[in-house]
Structure formats: C-alpha cells, structure tokens
Student: 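Structure incoming, see below.
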Amino acid sequence: MSIISTDISKAVTILNNEELVAIPTETVYGLAGNIFSEKAVKAIFKTKERPFFNPLIVHIPNLEYLTNVVSHVPEKARLLAEAFWPGSLTLVLPKKNTIPDIITAGKSTVAVRIPNHPLSLELLKQLDFPLAAPSANPFNRISPTTAQHVASYFKDKIDMVLDGGSCKNGIESTIIGFENDDPIIYRLGAIAVEQIEAVIGKIKVKNKKATSPDAPGMLDKHYAPRTLTVLSNNILEDLKTYSDKRIGVLSFSSSFEGDNIQHQIILSEEQNLNEAASKLYDALHELDSLKLDIIIAEVFPDFGLGKSINDRLQRAAFSS
Ligand code: TXA
Ligand code: MG
C-alpha cells in the first residue's frame, strides 16, 4: 500500500504516537515529528542520515504561539513575522529553555516558521505540539516538492506522506537571524531579498564561505543531484566543451539545439522567476533520474528569486 495519503486524522494519530509524517508546505515537503519527543526527533535525524550538528526548524500554528518557543523577539523580527507569516520565512531567535537541545544542536537560538499550506496549518492546529521538520530528503540530496519525490526517497522507512500536491514556491524558506538585534540572511530562499528589504530596509546576506556556518544549509555542497552538474553562463559554448557527453540542459527561458542534448527543461518561457523557482527541484529530480553524463544549468539573473535559484544551482554544481 502506498504511504501517500491525504488523511489528516491519520497523520495526527501517527504524530501523536511519536512517529514521523512527511508534510507538504508551500516551500518543500518536510519530514515532521513532535519537537518534544526525543524518539521522533532522533528518527528524523536517522531517516535523513542528517548529522546532529545541523539544527531543525520548528513549525508553529500561529503567531501567538511564537512566545512559547522563543524568549526574545527583536522589533524587526516582529515586523517580518507580521509581513510574511504564514509563509516562507524562517526566523532564528533566542530559544525558550523548553526547546530541547537536540532540536537546536545545542545552540541558544531556535529556527521557527509558520508554513503556508492549508493541510499543514490544519494539522498543526489539531496537534498540541509544534513540528520539527527539515526538508524531507536524505542529507545532501535534492529537496522534495511532491509527495512522490518523498515516497521514492524513503519508501517504507516512514509511515506516511501527507499529500498536499506540488509545493507552490518550490524552494526552501529564507532564513533570517539576528546579531545584536540586527537582521542577517543566513539562507536565501523563497522570499526575495528585495521583499525583505521593503519591510525592514537594507539587510546583509551571510557570507557563504564563513568558516562556522550559522545555517549549515549554507554548507557549500547541498541540494545536489547525483549527476555531475555544471553552472553555465554560455550554454552554447559548454555544449561544445562537453560534446562527447550525454547532456541534460536546464535553462531559464531559452531553448537550445544540439545532437548530444538528451533532455532539456525550460523553467519559465515567460521569464517569470517565481515560476522558475517553483519548478527548479522537480526539474533537477527529473534530469537526475535520466542517467545522463552531465547537467548543464544556466546561470539566472541576479535579482529577486534569481539570486535564490543561483544559490541552489551553485550548491548543486559544487564539487570538492
Ligand atoms: O522551507 C523550509 O525551510 C523547509 C520546510 C520543510 O519548512 N525546511 C528546511 O529545513 O529547509 P532544513 O532542515 O532542510 O533546513 C533548515 C536550515 C538548516 O540549514 C539549519 O542549519 C538551519 O536551518 N537552522 C536551523 N536551526 C538553526 C539555528 N538555530 N541557527 C541557525 N540555523 C539554523
Ligand atoms: Mg534541507
């Protein structure tokens, strides 16, 4: 029997039983468990093969709940929460003592957001605890944006994927932390820098190369297909460079010709960056399933969600 289901009451039962359910959000699917259950939280790390030093995001049902989780809300965090929640923004704030250390990897801060998906909001409403939910992919693999992606990763290792369709935004939340109450972007994501700045003014983006990343999602290699992936400013040139390879092309809006192109995915013929972001991971999943020699991915315009897409493509293409 398939683990994919739309039955919320079944999800409630499983979660109350300290087991895991993959849940839909508007960004990507999350692998969810009760934040207060050591058994459930350990199962999240084990199922994902995720190292314990990488903390989890806590998903809460509404803004009123925030004060149960964090001990201090800087003014700019409040403005951001009011502007973007429920939605694709994660705030990293000083944690309440009640938040278990395993959730935060021992840090004094906790990452928190209200997801904007009707099924997950309903689920959170019916539970009497928040959900820890990292993206529902094995460590370092491409994040899932459909219930099928999750099921094919974990098969019978989890009891249920709550099917909420394709994720509308398709790229992880934007993570913002505070250093002396000054906001800083730890991870680019589904809310563009420009949208954030429209609410709170200029904001810095944490340098990716920081030696001790505050968001390990900022580690260089992440979100990666198994197929060798290169980022390209000139696809025609790279088609020549790799002329002896079986190539997959991932482009923004243009179509390319070439004998060695086995498969080509155009993310938005209308050059709409939101549409491109929403289709990005599904395209990478598809290209990665074709056993190609190489994926050539086009560099996106460096503004709006193009910045976030480029960030993910750089990680997909990173080789150490
Ligand atoms: O859109 C999303 O954020 C999805 C959905 C399911 O909500 N979740 C997600 O979780 O992307 P995950 O675990 O794949 O990425 C969370 C990132 C990690 O890079 C983690 O290091 C960072 O958040 N993080 C969590 N707690 C943190 C903290 N206290 N300080 C700094 N970074 C933190
Ligand atoms: Mg992840």
Side-chain angles (χ1 to χ4, degrees), residues 20-33 35 41 44-45 47-60 69-71 84-96 99-117 119-121 123-124 130-145 149-150 153 161-162 164 167-179 183-191 206 208 210 212-224 277-278 281 308 311-312 315-316:
L20 308 185
V21 174
I23 59 166
T25 82
E26 82 286 14
T27 59
V28 300
Y29 276 73
L31 184 60
I35 68 160
V41 176
I44 291 175
F45 283 97
T47 309
K48 272 186 65 89
E49 294 167 56
R50 179 183 179 111
F52 281 108
F53 64 74
N54 199 349
L56 305 177
I57 296 177
V58 170
H59 296 70
I60 59 172
V69 179
V70 308
S71 60
F84 296 111
W85 282 355
S88 310
L89 171 78
T90 295
L91 294 172
V92 174
L93 299 171
K95 81 177 188 88
K96 274 259 161 79
I99 304 301
D101 282 339
I102 185 172
I103 297 287
T104 62
K107 286 172 177 289
S108 59
T109 53
V110 62
V112 53
R113 82 176 187 103
I114 307 175
N116 189 14
H117 189 290
L119 289 189
S120 290
L121 285 171
L123 180 64
L124 285 165
L131 291 172
S135 52
N137 51 284
F139 188 57
N140 277 349
R141 301 288 302 279
I142 306 162
S143 293
T145 53
H149 292 158
V150 183
Y153 274 142
V161 184
L162 181 61
C167 301
K168 197 164 58 67
N169 294 348
I171 191 165
E172 295 86 347
S173 60
T174 301
I175 302 182
I176 297 185
F178 293 83
E179 295 175 4
I184 175 162
I185 294 181
Y186 287 158
R187 179 178 73 183
L188 295 165
I191 295 183
K206 187 99 174 171
K208 268 183 253 168
S212 160
D214 282 291
M218 303 289 281
L219 293 173
D220 286 334
K221 185 167 175 75
H222 211 80
Y223 317 104
S278 73
Y281 287 148
S308 308
D311 172 84
R312 300 306 189 270
R315 291 168 210 286

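Atoms within each ligand, like the ligands themselves, are counted from 1 in listed order. Since we're looking at a predicted model, the values are computed, not measured.
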Student: Hey, are Arg113 and Ser88 close enough side-chain-wise for a donor-acceptor pair under 3.5 Å?
Tutor: no

Student: Find the distance between CD1 (Ile44) and CG (Leu20) and round it off to the nearest 0.5 Å.
Tutor: 5.5 Å

Student: When you compare ligand 1 with Tyr29, is there at least one nitrogen or oxygen pair between them that comes in under 3.5 angstrom?
Tutor: no

Student: Which option out of Ile175, Ile114, Ile103 puts a heavy atom nearest to atom 17 (C) of ligand 1?
Tutor: Ile175

Student: Could you list which atoms of ligand 1 come closer than 4.0 Å to a heavy atom of Thr27?
Tutor: 1 (O), 2 (C), 4 (C), 5 (C)

Student: So is Lys95 close enough to ligand 1, meaning a heavy atom under 4.0 angstrom away?
Tutor: no

Student: Any side-chain heavy atom of Pro115 sitting closer than 4.5 Å to one from Glu26?
Tutor: yes

Student: How close do Cys167 and Thr27 get, counting heavy atoms only, and between which atoms?
Tutor: CB-O, 3.1 Å

Student: With a 3.5 Å distance limit and no angle check, can you tell me whether Thr174 reaches the backbone of Gly189 through a side-chain donor-acceptor pair?
Tutor: yes

Student: Walk me through whether Glu172 and Ser143 qualify under side chain to side chain contact (heavy atoms under 4.5 Å, CB included).
Tutor: CA-CA 8 Å; Glu172 295 86 347; Ser143 293; 2.5 Å; yes

Student: If you take the nearest heavy atom of each of Cys167, Pro24, Pro55, which one is closest to atom 33 (C) of ligand 1?
Tutor: Pro55

Student: Ignoring hydrogens, just give me the one of Gly30, Ser108, Ala190 whose non-hydrogen atom is nearest atom 6 (C) of ligand 1.
Tutor: Gly30

Student: Given Gly87, Ser173, Ala136, Ser88, identify the one with the heavy atom nearest to atom 2 (C) of ligand 1.
Tutor: Ser173

Student: Heavy atoms only: which of Asn54, Ile171, Asn169 lies closest to atom 20 (C) of ligand 1?
Tutor: Asn54

Student: Is the closest basic N to carboxylate O distance between Lys206 and Glu179 below 4.0 Å?
Tutor: yes

Student: Can you tell me if Ala133 has a non-hydrogen atom under 4.0 Å from ligand 1?
Tutor: yes

Student: Decide yes or no for Phe178 and Thr109: does some side-chain heavy atom of the first lie under 4.5 Å from some side-chain heavy atom of the second?
Tutor: no

Student: So if I count the atoms of ligand 1 from 1 in the order they appear, which ones are less than 4.0 Å from some heavy atom of His59?
Tutor: 5 (C), 6 (C), 7 (O)

Student: Is there at least one pair of N or O atoms, one from Arg50 and one from ligand 1, spaced under 3.5 Å apart?
Tutor: yes

Student: Which ligand 1 atoms does Lys107 reach within 4.0 Å, using its non-hydrogen atoms?
Tutor: 28 (C), 29 (N), 30 (N)

Student: Between Lys48 and Ser135 (side chain of the first, backbone of the second, donor and acceptor by atom type, cut-off under 3.5 Å), is there such a pair?
Tutor: yes

Student: Quick one: look at Thr109 and ligand 1, take heavy-atom pairs under 4.0 Å, and tell me if it's side chain, backbone, both or neither.
Tutor: both

Student: Within 2.8 Å of the Mg ion (ligand 2), is there any N, O or S atom belonging to Ser143?
Tutor: no

